[in-house]
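Note sheet for the following structure.
Just so we're clear, the structure is a prediction, and the values are computed from it rather than from any experiment. In what follows, every chain begins at residue 1, and chains take the letters A, B, ... in the order their sequences are listed.
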There are 4 protein chains.
Amino acid sequence: MSGTKQLQSSFDRAVADGFVDASRKLEGLPGYLGVVFVDFQPGRLRAEMEVRPELLTPFGNMHGGVLAALCDHVLGCVCYPHMTRGQWAATTEFKLNYLAPVSKGQVVVEAEIIAMTRATAVVRIEARNGDRLACIAQGTVLIRDPKE
Amino acid sequence: MSGTKQLQSSFDRAVADGFVDASRKLEGLPGYLGVVFVDFQPGRLRAEMEVRPELLTPFGNMHGGVLAALCDHVLGCVCYPHMTRGQWAATTEFKLNYLAPVSKGQVVVEAEIIAMTRATAVVRIEARNGDRLACIAQGTVLIRDPKE
Amino acid sequence: MSGTKQLQSSFDRAVADGFVDASRKLEGLPGYLGVVFVDFQPGRLRAEMEVRPELLTPFGNMHGGVLAALCDHVLGCVCYPHMTRGQWAATTEFKLNYLAPVSKGQVVVEAEIIAMTRATAVVRIEARNGDRLACIAQGTVLIRDPKE
Amino acid sequence: MSGTKQLQSSFDRAVADGFVDASRKLEGLPGYLGVVFVDFQPGRLRAEMEVRPELLTPFGNMHGGVLAALCDHVLGCVCYPHMTRGQWAATTEFKLNYLAPVSKGQVVVEAEIIAMTRATAVVRIEARNGDRLACIAQGTVLIRDPKE
């Protein structure tokens with residue numbers, strides 16, 4: 001990636017650690033999905049979730065909306081350690097392709113910042129289930145200053 | 001839309017009614033989100049959900065993943081009344097643009113089949129919150145025959 | 001569309017007319033494709049092109065890249081009459097679905113601004129060939145101030 | 001990538017070589033753009049093009065439609081050496097994010113098959129200009145049997 005050096009220097013480890021800790025007690029949608037952040041590196045975030053029976057459709061596959069929500073979630077979160085404290089990340093758009101149905105086990109999702117400026121970031125995502133890719137995504141985050 | 005006539009004739013009202021009824025007792029992800037189908041017409045589906053505090057992020061806006069999951073959900077469901085019973089709809093890809101933050105009230109989402117063949121459908125979606133568009137999306141559904 | 005009123009009042013007819021005129025002598029990629037702007041309205045642009053044999057692939061269908069380039073082109077151009085003179089529109093992302101092959105006749109493409117702020121616009125596009133939709137697209141434009 | 005082995009064994013070097021040769025005398029849109037295929041490997045295709053002044057907009061940047069057309073072109077072509085002769089590849093959808101403006105030099109585009117079945121392939125693309133990423137894309141190809 002062009003900009004790797006810049007991501008190295010802008011990475012705030014304390015913010016990353018705070019996100020990892022917080023993800024263990026998350027409420028709301030990420031809590032319902034059971035998304036846990038397991039590793040933050042400059043420009044990268046890895047998250048995991050268990051495929052609970054409750055998340056399956058009547059056809060026995062995990063609801064696609066779970067992966068969509070998961071992608072949306074990591075898209076924004078991967079940016080925080082590279083932002084000024086107080087700023088917030090708003091996903092403005094993303095696109096995903098589903099590659100294989102998921103029915104059990106764990107989903108491991110990796111988000112990678114492909115390009116980042118002060119106002120915007122483009123992120124690419126891969127979600128795996130066992131040794132198979134379950135979906136890939138790419139999208140844009142707008143970085144906004146604190147609301148007054 | 002080209003194909004409107006075809007959507008009129010292929011529309012199975014009983015299947016549509018079954019989906020509307022089922023959406024009122026949905027479990028799993030759609031149940032957690034509180035998505036209720038309120039109107040099915042040939043090629044169209046309207047669904048609604050309430051913005052519960054639990055679905056907001058710490059910044060006070062509804063988690064984008066809720067809209068993403070919602071879009072994924074209606075993308076597939078709008079096709080069922082036009083499919084042969086036993087077939088299932090698998091969303092293979094979609095893309096969405098977030099247009100305005102949502103913080104309260106109701107989200108009303110409309111899905112419209114733009115093109116449909118026996119094996120595939122392309123669907124466009126608009127989600128509104130009050131009088132504002134919250135997001136727009138478009139994506140593809142593959143229609144699959146029953147697993148043996 | 002929310003924001004219709006705003007698009008009415010921000011529309012600069014002289015800029016629109018200038019684009020229509022310029023499109024008749026365009027060089028570069030739009031000239032090669034033969035894209036002509038035929039109607040500009042607040043928030044809307046209609047363009048047309050002829051399907052020349054040169055644009056077909058060896059399989060007899062028009063190269064998909066023609067529609068992709070066409071979508072990219074109108075995505076940015078539809079915004080200009082709503083921008084301050086000197087600003088420029090940069091497409092930052094878009095997504096398209098091809099719905100039917102095109103092999104002859106004319107392609108008519110309609111771009112519509114779905115949401116617009118001072119810094120960004122989201123645009124939806126439909127391209128038709130005869131009475132069939134050939135592709136639909138949606139994407140984002142960043143509006144930038146003049147380079148110094 | 002899951003499926004690497006399968007891509008190794010399904011790769012038809014003679015077809016790949018034929019595409020490379022043909023790209024040197026291409027007519028139509030790829031010829032206008034000046035796209036030349038420089039390397040075909042299992043699941044991968046690298047193509048190059050020169051940024052000619054004719055492809056720039058009045059703002060001095062290469063028209064985004066050039067990159068869009070380029071992505072569409074390699075999306076389908078990367079699949080051919082893995083298909084049965086006589087079949088054809090139809091791009092059904094793709095999405096791209098522009099990351100940096102291009103104004104001179106060369107564009108090098110790499111397409112990689114991320115997942116492939118007998119009927120469909122999902123492909124990811126990166127286009128570079130010098131040491132900068134110019135755009136990334138992902139999309140879907142349908143593989144069709146010969147028209148009778």
Under 4.5 Å to a heavy atom of chain D? For A:Leu96 that would be backbone
* Asked: Is it the case that D:Arg52 places NZ or CZ above or below the six-membered ring of D:Tyr32, under 6.0 angstrom from the centre and within 45 degrees of the axis?
  -> yes
Of D:Thr120, D:Ile136, D:Thr117, D:Val122, the largest count of non-hydrogen pairs under 4.5 angstrom with chain A goes to D:Ile136
message: For D:Glu93, is there an ion pair with A:Lys95 - N to carboxylate O distance below 4.0 angstrom?
response: yes
Chain A shares the most heavy-atom pairs under 4.5 Å, among D:Thr140, D:Asn97, D:Leu99, with D:Asn97
message: Check D:Arg124 with A:Glu126, please: is the shortest side-chain N to carboxylate O separation under 4.0 Å?
response: yes
Between A:His63 and A:Thr57, does any side-chain donor sit less than 3.5 Å from a side-chain acceptor? no
